[in-house]
Novice: 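Before we start, here is the structure in question, set down as structure tokens.
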Amino acid sequence: MTPTSTEFANLAEENALLKEQIRKLTETFEAKIRLMQHQMNDLIKRVYGRSSEKIDPDQLLMQGMLLDLEKSMPPVVTAQIVGETVVKEHVRHKHGRSPLPEHLPRVEHVQDIAEDQKVCDCGKALKHIGSEVTERIDCQPSSMFVNAYI
């Protein structure tokens, strides 16, 4: 059975149609592969790349805009100042928590070791070296006070 011209034309059209569909699918798959490779490279750079030298693309854009702005601005004439400029000194703030108010009453809780542990192995009495005070503010229904743990 030999194909007639109409069947051949239909087969040729069908073949061309199938080839076009395959070409489109191939293009979309290649685009997806390129996108995934790009994403994978970005993730690899984020995980294994240098963390201290990250460049924000918006920052580069901003620098270009500032350079263009500087070029368009007229030159500024600066005056020379003769003498010294006195800068007001700043006050350094201490780090850590601020002390609790002195007007609040303090309730002392002394935590000590047992009497049998106050003797050295050689038989002499141990000396008290010092103590550390930790204060916590506490509240009772009608009054406030400070617990001082020594």
Side-chain angles (χ1 to χ4, degrees), residues 11-150:
L11 287 176
E13 289 175 8
E14 187 176 356
N15 192 13
L17 180 67
L18 288 173
K19 283 183 180 181
E20 181 63 26
Q21 288 177 349
I22 290 172
R23 186 186 61 77
K24 287 180 181 178
L25 282 173
T26 305
E27 286 177 359
T28 57
F29 285 135
E30 287 175 352
K32 285 183 181 179
I33 288 171
R34 282 192 303 271
L35 176 68
M36 288 180 181
Q37 284 176 339
H38 179 69
Q39 290 174 344
M40 187 173 62
N41 288 338
D42 282 347
L43 287 173
I44 288 172
K45 283 181 184 177
R46 283 187 188 180
V47 172
Y48 298 111
R50 292 185 182 174
S51 60
S52 64
E53 298 193 18
K54 292 181 181 174
I55 296 175
D56 186 13
D58 295 336
Q59 186 177 6
L60 294 175
L61 184 80
M62 184 79 149
Q63 287 176 348
M65 289 171 41
L66 288 175
L67 288 175
D68 293 342
L69 184 64
E70 282 182 9
K71 289 178 184 176
S72 65
M73 295 292 290
V76 177
V77 178
T78 58
Q80 293 182 352
I81 299 174
V82 178
E84 294 181 292
T85 305
V86 178
V87 179
K88 181 181 175 185
E89 293 183 14
H90 65 279
V91 178
R92 292 184 185 230
H93 298 286
K94 293 182 180 179
H95 298 288
R97 293 185 350 183
S98 58
L100 296 174
E102 292 296 325
H103 70 278
L104 292 176
R106 271 141 172 86
V107 177
E108 292 186 354
H109 303 275
V110 179
Q111 298 172 348
D112 201 3
I113 59 174
E115 291 295 326
D116 60 341
Q117 293 179 349
K118 292 183 180 179
V119 179
C120 181
D121 293 336
C122 64
K124 293 183 180 179
L126 296 176
K127 294 181 182 178
H128 182 266
I129 296 174
S131 58
E132 184 177 310
V133 178
T134 303
E135 293 184 334
R136 293 183 188 165
I137 195 159
D138 201 357
C139 180
Q140 283 186 346
S142 64
S143 65
M144 292 182 71
F145 61 92
V146 175
N147 283 324
Y149 296 96
I150 303 170

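Every value quoted in this text rests on a predicted model; they were computed, and no experiment measured them. Numbering of residues begins at 1 and proceeds along the displayed sequence.
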Novice: Could you list the donor-acceptor pairs under 3.5 angstrom formed between side-chain atoms of residues 111-118 and any protein atom two or more places apart in sequence or on another chain?
Specialist:
from	atom 1	to	atom 2	distance (Å)
Asp112	OD2	Lys118	NZ	2.9
Glu115	OE2	Lys118	NZ	3.2

Novice: Nearest 0.5 Å, what's the CD1-CD distance between Ile33 and Glu30?
Specialist: 7.0 Å
Novice: In Å and rounded to the nearest 0.5 Å, what is the NZ to OG1 distance from Lys19 to Thr26?
Specialist: 13.0 Å
Novice: Tell me, yes or no, whether the heavy-atom count around Arg23 atom CZ, taken from other residues, nucleotides or ligands under 6.0 Å, exceeds 12.
Specialist: yes
Novice: First locate atom CD of Glu20, then atom CG of Leu17, and finally report the distance between them rounded to the nearest 0.5 Å.
Specialist: 8.0 Å
Novice: Whether Glu27 and Lys24 form a salt bridge (side-chain N of Lys/Arg under 4.0 Å from carboxylate O of Asp/Glu) is what I want to check.
Specialist: no
Novice: Mind checking the CE-CG spacing from Met36 to Asn41? Nearest 0.5 Å is all I need.
Specialist: 13.5 Å
Novice: Of the non-hydrogen atoms in Ile137 and Leu100, which two are nearest, and what is the gap between them?
Specialist: N-CD1, 4.1 Å
Novice: Report the residue from His109, Glu108, Glu135 that forms a side chain to side chain donor-acceptor pair (under 3.5 Å) with Asn147.
Specialist: His109
Novice: At their closest point, which heavy atom of Phe145 faces which heavy atom of Val107, and how far apart are they?
Specialist: CD1-CG2, 3.8 Å
